[in-house]
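Numbers restart at 1 for each chain; the letters A, B, ... are given by sequence-line order, proteins then strands. Below, each value reflects all heavy atoms present in this structure, side chains not excepted, and no hydrogens, waters or symmetry copies.
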Number of protein chains: 2
Amino acid sequence: MLEDCSITRQILDRVGDKWSVLIIVNLGAEALRFKELQRRSGGISQRMLTQTLRHLERDGLVWRKATPTVPLTVEYGLTSIGESLLGPLTSLVDWVNKNNGKIAKARIDYDHQHDTQE
Amino acid sequence: MLEDCSITRQILDRVGDKWSVLIIVNLGAEALRFKELQRRSGGISQRMLTQTLRHLERDGLVWRKATPTVPLTVEYGLTSIGESLLGPLTSLVDWVNKNNGKIAKARIDYDHQHDTQE
DNA sequence: CGGCATCCATGGCGATACTG
DNA sequence: CAGTATCGCCATGGATGCCG
């Protein structure tokens, strides 16, 4: 009823892919340079960071500003659309933070009563 | 700052995997039997539906009720935790529905000004 | 009907090395 | 510093076939 079509799926895929959410949240606080963004994003490889940023940029969620200084300076930040995503996204993240205890417990219960050992 | 740890990533992975969101939203309306759920979930294969349901069940988001009738009846529905996820999830889906036009346009612009033709 | 097991193709993603 | 290009692994997920 909401997402029979492919567009919605595509965008949810983007939201759900391994790094997008992390990048968006990190950029939500402030615009950042490539290296700094990578540093804040845990163990993301340089390849994946580039790729993720390209996707987000293509979707109009992130802007890129390259300054042709000597060792080249590039900054990334959220566009207004990107910022508007921050709300739904953080409400989701909040939900996770609030419920991960229950979920962890549910998993233990499930595993326990399905194969006691093995 | 929010999701350095692995738990959050794991759960977001679940949210972001190809079918979970669709299943949860479909079950949000009402409890459904396996076949009916499959029918409403577009082109999901039986394997993936089973797998996704197991994951969601393990996380305590979905319950499963098997009635040993002759041709076996199984119903799935959301637990209270699962229902509490419905909120954040639909706010995300709403966002997508509201912005997919802009995103589609942004993509066209991006593609156009990056390689005018292949 | 509901579900598990197997096989197999695709592609996500990391590591590495090279360019501007 | 900020990328692009290449390679190779392995997880995701579809198709198919069998069981309760």
Heavy atoms from C-beta onward define the side chain here; which of [options] lies closest to that of [X]?
| X | options | value |
| --- | --- | --- |
| Thr50(B) | dC4(C), dG3(D), dG14(D) | dC4(C) |
| Pro71(B) | dG3(D), dA2(D), dC1(C) | dC1(C) |
| Ser45(B) | dG14(D), dG3(D), dC1(D) | dG14(D) |
| Arg54(B) | dG13(D), dG3(D), dC4(C) | dC4(C) |
| Gln46(A) | dG14(C), dC1(D), dA17(C) | dA17(C) |

With respect to the phosphate group of dG3(D), does any side-chain polar atom (N or O) of Tyr76(A) fall under 4.0 Å of OP1 or OP2? yes

Would you say Lys18(A) reaches dG14(C)'s phosphate, i.e. side-chain N/O to OP1/OP2 under 4.0 Å? yes

Please state how far atom [atom1] in [X] lies from atom [atom2] in [N], giving the value in whole angstrom units.
| X | N | atom1 | atom2 | value |
| --- | --- | --- | --- | --- |
| Gln38(B) | dG14(D) | CD | P | 11 Å |
| Leu72(A) | dG20(C) | CG | C1' | 8 Å |
| Met48(A) | dT16(C) | CE | P | 16 Å |
| Leu49(B) | dC4(C) | CG | C1' | 14 Å |

Give a yes-or-no answer on whether the side chains of Ser91(A) and Asp94(A) include a donor-acceptor pair shorter than 3.5 Å. no

Check this for me: does the side-chain of Arg47(A) come within 3.5 Å of the base of dT16(C) through a donor and an acceptor? no

Let me check something: do Leu85(A) and Trp63(A) share a hydrophobic cluster, defined by ILVMFWY side-chain heavy atoms less than 4.5 Å apart, either directly or through other members? no

Using a strict threshold of under 4.0 Å (side-chain N to carboxylate O), is an ion pair present between Glu57(A) and Arg107(B)? no

Carboxylate-amine/guanidinium contact Arg39(A) Glu36(A), below 4.0 Å: yes

